[in-house]
Amino acid sequence: MEQFSLFKNSKEPETEQTVSETPSNSPIAHSPSPVTCLSFDIEATGRNPISDSIVGIALCKEKGKAYYVPIRHAHGTNIPDALNILKEVLEDESIPKVGHNLKYDILILRQEGIHVKGRLYDTMLASYLLNPNKPDHSLENVCLEYLFYKKRPFTEVLGKRHSFSEVPIDDATQYAAEDAELAMELKDILFEKLKKEGLEDLYFNMEMPLIYVLTDMEEIGVRINKERLEELSKELDRELGIIESMIYAIAGESFNINSPQQLQKILFEKLGLKPLKKTKTGYSTGVDVLEELSKTHQLPAEMLNYRTLYKLKTTYVDALPKLIDKKTGRIHSSFNQTVTATGRLSSSEPNLQNIPIRGEWGTKIREVFIADKGCILISADYSQIELRILAHISGDKGLIDAFSKDIDIHTRTATELFNIPKESVTEEMRRIAKTVNFGVVYGISPFGLSEALNITPKEAATYIEQYFNKHDGVKNYMDDAVKMARENGYVRTLMGRKRPIPEINSHNTNIRQQAERLAINTPIQGTAADLIKIAMINIWQRLKEGNLKTRMILQIHDELLFEVPETELEPAKKLITHEMENALSLSAPLKVDIGWGKNWAEAH
DNA sequence: GCCGTCACG
DNA sequence: ACGTACGTGACGGCA
């Protein structure tokens with residue numbers, strides 16, 4: 001799979017270029033050889049690929065001919081040796097595999113000891129690359145859009161039955177075989193469109209290989225200290241009980257603390273506190289408001305405390321143990337590849353990309369994520385990845401200079417904003433500069449910055465003006481990104497990933513300005529997403545080639561977490577750092593911070 | 001099923 | 001006059 005190296009050092013960075021018009025900075029290696037493809041679709045008992053078992057497999061080699069192979073139907077003829085026969089075909093590296101959401105099928109097959117190999121054509125991922133704004137890339141929807149065909153929905157075939165295995169064999173065959181055939185039909189149509197849009201490089205060399213990386217991550221999962229979570233739950237119970245009675249005492253009555261509606265009545269009617277912000281449905285009781293009100297009253301202060309602990313208890317401490325898989329004893333999150341508009345992954349059931357990190361409870365919860373016996377966790381995260389990417393795509397001299405010298409970027413920005421030497425930068429100034437740097441990446445506006453810093457929009461505008469004075473490259477990038485979006489109706493990342501921005505010419509100022517911020521932010525956030533995907537594929541490949549036992553287990557946007565045998569610690573650290581820092585060659589160097597320990601808190 | 005809220009990058 | 005920072009997922013309340 002040498003094509004992955006194409007992403008590496010493929011071309012000298014073009015500092016003049018702002019938003020890449022041409023889709024990619026790497027040449028197309030070769031179109032895949034049109035060997036006979038096999039389209040397949042797995043029918044299984046449920047929705048959880050790690051534990052569910054297979055019911056049947058649909059196969060299609062050419063349009064008009066599709067088959068259904070019943071494996072474990074409740075009634076009728078099953079074909080006992082089918083899996084063994086199919087294993088050979090599915091594991092044949094020379095036969096490309098076509099399917100819709102292949103990660104799911106591959107995971108189910110792993111349960112049966114079948115390790116799918118070979119080139120992949122996933123029609124769901126094709127649909128995603130063609131338009132990542134779409135909320136639904138189900139086979140139903142993709143068929144509707146590209147084949148103008150309304151598929152019979154799965155729920156209708158299932159009826160009131162509990163499992164696909166109970167569906168009468170004729171119905172099951174009809175349904176399953178059609179799925180396999182539709183994927184085969186979609187493959188050619190979508191591939192042509194990908195080519196036309198300049199997306200086939202991303203498709204074949206990034207999203208398809210990533211499927212194998214993500215299936216491994218999902219299959220391996222992460223180990224959790226269940227007993228410790230149960231202790232933490234009791235501890236939180238006690239604390240919450242105390243705070244709860246305190247809140248009732250201060251309020252002078254008991255009410256449902258978790259109801260924002262009831263809290264509003266207490267705060268703004270009974271206690272007569274000033275409502276500071278509105279929501280669609282009433283007065284806001286969010287963090288910003290409660291923090292402000294805390295200055296004058298004890299109730300909002302206690303509410304903040306309560307909300308923090310309640311959130312941690314319900315969303316993490318109590319939820320995680322329920323998701324430990326009975327077979328593996330570990331937690332197997334889903335890494336979703338077709339959700340975000342920017343190209344990032346998302347994680348669900350559970351979301352392991354938003355595990356708490358801040359505060360004492362953040363540490364306590366991260367300590368629960370532990371390495372297996374004889375193993376260590378390695379955490380490797382990109383330092384300032386988005387600002388480094390901004391430096392590259394904008395070609396801003398000041399930013400590139402700062403990163404080339406590995407200068408603390410927020411302190412550097414503070415010296416520029418306040419016109420002072422770095423020795424004079426205070427904590428407060430650095431905090432402001434940090435917020436400005438974040439704002440720049442988001443498509444800064446005086447109002448947004450003023451909200452974030454709790455200052456007036458006028459003061460915020462002064463900071464922004466001062467920032468652009470020192471960074472005209474960044475200013476030019478922003479103007480170009482918006483211009484590009486207006487002319488084309490979309491923006492692209494450095495690797496050519498597309499995101500349509502249909503609202504860019506809206507007559508509604510708010511909508512249009514929001515679209516402009518997307519045009520600015522998406523190439524940055526999206527390029528960071530592309531970059532870490534390249535690193536993941538290369539690391540996965542090298543671990544495999546080197547027969548290492550080190551396993552990638554989580555991706556958190558700019559961080560990768562690995563479970564590493566103690567004996568592999570040194571080589572793994574070296575390999576990971578090298579592949580992450582050299583995933584792409586940018587005009588601002590990439591920097592990776594690496595840490596390790598027995599649990600995630602220690603590793604970070 | 002939507003809303004507000006809040007955990008993360 | 002309005003109302004905005006970018007990207008997610010999960011929880012409880014409420015209609």
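Keep in mind it's a predicted model, so treat the numbers as computed, not measured. Throughout, protein chains are lettered first and strands after them, A, B, ... in sequence-line order, and every chain is numbered starting at 1.
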Checklist entry - Whole-Å distance between dG9(B) C1' and Asp381(A) CG? => result 11 Å
Checklist entry - Does a nitrogen or oxygen in the side chain of Thr342(A) sit under 4.0 Å from OP1 or OP2 of dG7(C)? => result no
Checklist entry - Can you find an N or O donor on one side and an acceptor on the other, under 3.5 Å apart, linking the side chain of Asn510(A) with the base of dG3(C)? => result yes
Checklist outcome for this item: Nearest heavy-atom contact between Ser347(A) and Ser333(A) is OG-OG, 2.8 Å
Item to check | Atom P, compared across dC3(B) and dG3(C): separation rounded to whole Å | outcome: 15 Å
Next on the checklist: Less than 4.0 angstrom between a side-chain N/O of Gln262(A) and OP1 or OP2 of dC14(C), yes or no?
Outcome noted: yes
Checklist entry - Any side-chain N or O of Thr285(A) less than 4.0 Å from the OP1 or OP2 oxygen of dT5(B)? => result yes
Checklist entry - Rounding to a whole Å, what distance do you find between Arg512(A):CZ and dC2(C):P? => result 19 Å
Item to check | Contact under 4.0 Å: Ser347(A) side-chain N or O vs dG9(C) OP1/OP2 | outcome: no
Next on the checklist: Return the pairing partner of dA10(C) with a 3.5 Å limit on both distances, Watson-Crick or G-U wobble; otherwise return none.
Outcome noted: dT5(B)
Next on the checklist: Side chain of Phe447(A), heavy atoms from C-beta onward: which of dT4(C), dC11(C), dC6(C) has the nearest atom to it?
Outcome noted: dT4(C)
Checklist outcome for this item: By nearest-nucleotide position on DNA chain C, the 5'-leaning member of Pro260(A) and Gln514(A) is Gln514(A)
Checklist outcome for this item: Between Arg366(A) and Ile355(A) the two heavy atoms that sit nearest each other are NH2-O, 2.8 Å
Checklist entry - Between dG13(C) and Asn256(A), is there an OP1 or OP2 to side-chain N/O distance shorter than 4.0 Å? => result yes
Next on the checklist: Roughly how many Å apart are dC6(B) and dC2(C), using the C1' atom of each and rounding to a whole number?
Outcome noted: 26 Å
Checklist entry - Can you tell me the Watson-Crick or wobble partner of dA1(C), both distances under 3.5 angstrom? => result none
Checklist entry - Base, sugar-phosphate, or nothing for Asn354(A), non-hydrogen atoms under 4.0 angstrom? => result base
Checklist entry - Which part of the nucleic acid, if any, lies within contact of Thr522(A), taking any heavy atom under 4.0 Å across all strands shown: a base, the sugar-phosphate backbone alone, or nothing? => result nothing
Next on the checklist: Can you confirm whether the side chains of Ser334(A) and Asn336(A) place a donor and an acceptor under 3.5 Å from each other?
Outcome noted: no
Checklist entry - Which part of the nucleic acid, if any, lies within reach of Leu449(A) when heavy atoms closer than 4.0 Å are counted: base, sugar-phosphate only, or nothing? => result base
Checklist entry - Just checking Ser284(A): base, sugar-phosphate only, or nothing, at a heavy-atom cut-off of under 4.0 Å? => result sugar-phosphate
Checklist entry - What nucleic acid atoms does Ser333(A) come within less than 4.0 Å of, heavy atoms only: base, sugar-phosphate, or nothing? => result nothing
Next on the checklist: Considering every strand and a 4.0 Å limit on heavy-atom distances, what is the contact class for Glu349(A): base, sugar-phosphate, or nothing?
Outcome noted: sugar-phosphate
Next on the checklist: Testing the 3.5 Å rule here: is there a donor-acceptor pair between the side chains of Glu244(A) and Tyr248(A)?
Outcome noted: yes
Next on the checklist: Under 4.0 Å, heavy atoms only, any strand: does Ala528(A) hit a base, just the sugar-phosphate, or nothing?
Outcome noted: nothing
Next on the checklist: Classify Ile357(A) by what it touches in the nucleic acid, base, sugar-phosphate, or nothing, heavy-atom distance under 4.0 Å.
Outcome noted: sugar-phosphate
Next on the checklist: Taking any heavy-atom pair under 4.0 Å as a contact, classify Gly443(A): base, sugar-phosphate, or nothing.
Outcome noted: nothing
Item to check | Nucleotide dA10(C), atom P - distance to CG of Asn258(A) in whole Å | outcome: 19 Å
Checklist outcome for this item: Against the side chain of Ala341(A), the closest entry in dT8(C), dT5(B), dA5(C) is dT8(C)
Item to check | Gap between atoms CZ and P, on Arg344(A) and dG9(C) respectively (whole Å) | outcome: 11 Å
Item to check | Pair of N/O donor and acceptor under 3.5 Å linking dT4(C) base with Arg517(A) side chain | outcome: yes
Checklist entry - Donor-acceptor pair under 3.5 Å: do we get one between Lys280(A)'s side chain and the base of dC3(B)? => result no
Item to check | Atom-pair distance (CZ on Arg497(A); C1' on dG7(C)), nearest Å | outcome: 13 Å
Item to check | Per Lys311(A) side chain, nearest of listed nucleotides dC11(C), dG3(C), dC6(B) | outcome: dC6(B)
Checklist entry - Mind checking whether Phe438(A) and His410(A) have parallel, tilted or perpendicular rings, split at 30° and 60°? => result parallel
Next on the checklist: Side-chain N or O of Thr279(A) versus OP1/OP2 of dG4(B): is the shortest distance under 4.0 Å?
Outcome noted: yes
Checklist entry - Which whole-number value in Å describes the distance from Ile511(A) CD1 to dC2(C) P? => result 17 Å
Checklist entry - Once the angle between the rings of Tyr310(A) and Tyr306(A) is folded into 0 to 90°, is it parallel (under 30°), tilted (30 to 60°) or perpendicular (over 60°)? => result parallel
Next on the checklist: For dC8(B) and Arg358(A) - does any side-chain N or O of the residue sit under 4.0 Å from the phosphate oxygens OP1/OP2?
Outcome noted: yes
Item to check | Between C1' of dA10(C) and CG of Asp318(A), the distance in whole Å | outcome: 13 Å
Checklist outcome for this item: Whole-Å distance, Leu320(A) CG to dC11(C) P, equals 10 Å
Checklist entry - Thr527(A) side chain to Leu494(A) main-chain N or O, any donor-acceptor pair under 3.5 Å? => result yes
Item to check | Listed nucleotide nearest any side-chain atom of Ile556(A), set dT5(B), dC8(B), dG9(B) | outcome: dG9(B)
Checklist entry - Does CD belonging to Glu349(A) count more than 12 external heavy atoms closer than 6.0 Å? => result no
